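The structure appears below as structure tokens.
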Amino acid sequence: MPLYEYVCQDCGTRFEAFRSMKDADEAIRCKNCLSLHTRRALSRVAARSADGSFSTGSGCSGCSGGSCSSCHH
Ligand SMILES: [Zn+2]
């Protein structure tokens with residue numbers, strides 16, 4: 001089952017969930033505040049291959065400017 005990444009529009013929390021492809025765009029509760037105002041974020045892999053490069057600014061699509069394990073900065 002694929003792993004999807006979601007972002008909460010109320011509290012900004014990013015979280016990941018395993019869901020079947022047919023459920024990927026269904027509403028999912030935020031794991032932090034239980035809001036249903038979430039949207040599916042592009043996976044890091046998809047985001048990388050889509051534009052072919054990392055942004056040179058701080059952060060990557062998987063973090064919000066701090067350090068994270070996927071971009072190592
Ligand atoms: Zn939330």
Side-chain angles (χ1 to χ4, degrees):
M1 195 174 289
L3 179 66
Y4 292 102
E5 187 172 12
Y6 297 86
V7 59
C8 176
Q9 296 179 308
D10 284 350
C11 71
T13 295
R14 281 177 175 266
F15 58 97
E16 295 171 332
F18 287 101
R19 308 187 89 189
S20 64
M21 290 176 74
K22 71 179 173 62
D23 293 334
D25 290 316
E26 295 294 314
I28 185 170
R29 279 193 191 280
C30 171
K31 292 185 178 179
N32 181 51
C33 70
L34 304 183
S35 168
L36 281 171
H37 296 149
T38 55
R39 61 181 172 80
R40 188 152 64 95
L42 290 176
S43 74
R44 294 178 200 116
V45 174
R48 273 179 201 171
S49 60
D51 73 2
S53 63
F54 296 103
S55 67
T56 54
S58 62
C60 68
S61 62
C63 65
S64 54
S67 59
C68 73
S69 59
S70 67
C71 60
H72 302 293
H73 61 76

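Note that the coordinates shown come from a computational prediction; the quantities given were computed from them, not determined experimentally.
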Approximate separation, where rounding is to 0.5 Å, of R14 CZ and E5 CD: 4.5 Å
Where T38 and C30 come nearest, the two heavy atoms and their spacing: CG2-N, 3.9 Å
In one Ile/Leu/Val/Met/Phe/Trp/Tyr side-chain cluster, 4.5 Å: L34, V7: no
Nearest atoms (heavy-atom pairs only) where K31 meets E16: NZ-O, 2.9 Å
Residues in side chain to side chain contact (heavy atoms under 4.5 Å, CB included) contact with A24, at least two apart in sequence or another chain: Y4, Y6, R40
Side chain R19, main chain E26, donor-acceptor under 3.5 Å: yes
Residue pairs, two or more places apart or on separate chains, that pass ring pair (Phe, Tyr, Trp, His ring centres under 6.0 Å) and touch residues 16-42: none
Flag, side chain of T13 to backbone of C8, donor-acceptor distance under 3.5 Å: no
